[in-house]
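See structure below.
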Amino acid sequence: MNTTIQLNQKNLHNLPDSFVVPKYDRSQLKAGIVHIGVGGFHRSHEACYNDDFLTLSQSTEWGICGMGLREADRKIGDILKQQDYLYTLIVKHPDGRQENRVIGSIVDFVLASDDPAAATDRLADAQTKIVSLTITEGGYHFNPATNAFDFDHPDVQHDLVNPHAPKMIFGFLTEALRKRRAKGLPAFTIQSCDNIQHNGDMTRKMLLAFAEKQDPTLAQWISSSVSFPNAMVDRITPMTTLQDITLLEEAGVQDLWPVTCEPFTQWIIEDHFSDGRPDWESVGAQFVGDVTPYELMKIRLLNAGHSVLGLLGSVHGHATIDGCIADPLFASYVRRFMDVEVTPILAPVDEINLDEYKSTLIERFGNPNIKDNLARICLESSSKLPKFIVPTIMENLEKGGSIKFAALVIAAWCYYSDKGVSKNGVALDIVDDMKAELHSYASKTEQDSLAFLKLDSVFGDLVQSKTFTDEYVAMVRTLYTNRDIAAQMDVLLGESLLLTA
Ligand code: CS2
C-alpha cells in the first residue's frame with residue numbers, strides 16, 4: 001500500500017508530525033513581492049525569511065509571486081502549481097539532523113515567456129511593491145572589459161525595438177515601469193539577491209543603460225523613483241538530488257522539487273524601499289546604512305573560497321566541497337588564501353570578528369550532509385570569477401600583496417577549461433555560457449602560456465601585469481607537465497607558512 005501523501009494545500013494538515021507547516025492563512029495572502037528567478041536559492045532564502053515573517057506577523061500583504069522569464073523555468077512553475085506553490089525546505093545540520101519545513105510564502109507563478117504582456121501587467125499591478133531578483137551573476141549583462149552594459153546580446157537587441165514584448169530582464173522591468181508610471185502608481189523597489197558587490201547599484205546602472213537607449217524620459221523617471229537597495233545574501237543551497245526526493249518519500253511525503261540547505265542564513269540589506277517592505281528585521285534580517293563591508297567580506301571569502309575549492313578540487317578529483325574540506329591540504333589552502341590574500345584587503349566589519357567568520361566558513365563548507373557538488377560551484381565560473389576572485393588579485397597587485405594562491409586557481413581553471421578531465425581522469429561536467437570560448441583560449445596554452453588570460457571579457461587587463469603573469473606562467477607550465485595539483489598547492493602553502501614563521 002502506498003501511504004505517501006502528495007504535498008498540496010488540501011493535504012497540508014495530514015503530513016507526518018515531523019513536517020513543520022505554515023501557520024498562517026494562505027488563502028488571504030496577496031503577492032506584494034514578485035520574485036524573478038525561482039531557483040533553489042530563492043526558495044531557501046528570501047522565501048524562507050518571508051515564511052517566518054508571515055508566521056510572526058500574520059500579514060496578508062507580503063506573499064510572493066514567482067516569475068520565470070525563460071522556457072527552462074516552465075518545469076519549476078508547473079511543479080509549484082501542482083503543489084499549490086508549497087515545497088519542503090530540508091535543512092541539513094552537520095550532526096545529521098534534518099528539519100523538514102514546508103514553506104508557504106509563494107502563492108503564484110507566472111511564466112513570462114508564455115505571455116510577456118501579462119507578466120508586465122503583473123509587475124505593474126498596484127499590489128506589487130517589491131520585485132526581487134536572483135538572475136545569477138551573469139544575468140546583468142555587465143561586460144567587465146568595457147565596464148558597461150553589454151548591448152550585443154540578441155535578446156537585448158530584440159528588447160530595444162520590441163518594448164511591449166520583452167525577452168530579457170531589463171526589457172521586462174522597463175516595460176513594467178512604463179506601465180506603472182502611466183497608471184500613476186509609485187515605482188516598485190528592485191531588490192537584487194545575487195552575489196555581486198553593490199548588487200543594487202549594479203542593477204540600477206544596467207537598467208538605466210538599457211532604458212536610456214529605449215526610452216530616455218522613462219529612464220529619468222526610473223532614476224528618480226525606483227529604489228535599488230544593495231544587499232548581502234547568504235545560505236549554502238546545493239542542487240536538489242533524486243535522493244532528497246526519495247528521502248522525503250520514505251518519510252511519507254511526495255514533493256517533486258524540495259530544496260536542501262544548511263542551517264546558517266544571513267541577509268543584510270540597505271534600508272531604502274520605494275513602496276514599503278515587510279519587517280524582515282523581525283525575523284533575523286539586518287538593515288544597515290551601508291552594506292559594502294559585509295558584501296565584500298562575503299563575496300571575497302565565501303564565494304571566492306568556494307571557487308578556490310571548486311576549481312582546484314575538480315582538477316584534483318574531489319567531488320564535493322565537504323570532500324575538499326575533509327582533505328587537510330585543501331582545508332589549509334583555502335584558509336591560507338583567505339588569511340593572506342583576502343583579509344588584508346577587507347575593511348573592518350562592525351561587530352564581526354573576521355577570524356571567527358572565516359572559521360565558521362570552513363565549518364560550514366565542511367558540513368558532511370550538505371554534499372555541495374563541485375559542478376554546481378564551478379557552474380558559470382566565467383561570470384563568478386570576475387566578481388569573486390579577479391578583483392582581489394587586482395587589488396593585491398596594486399598594493400604589492402600576495403597573489404600566488406589565486407594565481408594557481410586561475411591556472412587550474414585554464415587546465416579545467418582546456419582538458420575537461422581531472423588529473424585522475426574523471427570527466428568534468430562543465431556548464432558555462434562561455435564554455436566554447438573558455439576552451440578555445442585555454443587550448444592554446446601549450447603554444448602560448450598566456451593564451452587563457454587574453455580572454456579580456458573575463459580577466460580585464462590582468463594579462464598586462466608582469467608580477468601576475470610570471471607566477472601564472474610558472475604554475476600553468478608545471479600543471480601541464482603533469483605535476484599533481486596537490487603537490488603545487490603543498491609547495492605554495494609551505495612557502496607561505498615559512499614566510500610568516
Ligand atoms: C556559491 C554560492 O555559486 C557559488 O559559487 O559560492 O552559490 C554560495 O553557495 C551562496 O552564495 C551561499 O550564500
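First listed ligand is number 1; within each ligand, the first listed atom is number 1. Quick caveat, the model's predicted, so the values are computed rather than measured.
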### Task
Starting at OG of Ser105, measure out to CD1 of Ile64 and round the result to the nearest 0.5 Å.
4.0 Å
### Query
Polar-atom distance check: Thr237 versus ligand 1, any N or O pair below 3.5 Å?
no
### Query
Can you tell me the protein heavy atom closest to atom 3 (O) of ligand 1 and the distance?
Lys384 NZ, 2.8 Å
#### Entry: Ring-face cation of Lys444 near Tyr441 (centre distance under 6.0 Å, axis angle within 45°)
yes
### Query
So His306 and Phe365, would you call those rings parallel, tilted or perpendicular, with 30° and 60° as cut-offs?
parallel
### Message
For Trp280 and Trp267, take the angle between the two ring planes, folded into 0 to 90°, and tell me which bin it lands in: parallel under 30, tilted 30 to 60, perpendicular over 60.
### Response
tilted
### Query
Which of the listed options, His306, Lys298, Arg376, holds the heavy atom that is closest to atom 11 (O) of ligand 1?
Lys298
### Summary
Note: ligand 1 atoms sitting under 4.0 Å from heavy atoms of Ile377 are 5 (O)
### Query
Got an N/O contact under 3.5 Å between Asp234 and ligand 1?
yes
### Atom pair CG/NE2 of Asp327 and His318 - distance to nearest 0.5 Å
3.5 Å
#### Entry: Over 12 non-hydrogen atoms of neighbours within 6.0 angstrom of NZ in Lys167
no
### Task
Could you tell me whether Asn303 and ligand 1 have an N or O pair separated by under 3.5 Å?
yes
## Note on the structure
Near Arg235 (heavy-atom distance under 4.0 Å), the atoms of ligand 1 are 12 (C), 13 (O)
### Message
Suppose I only count heavy atoms of Asn195 and a 4.0 Å limit; which atoms of ligand 1 are within that range?
### Response
11 (O)
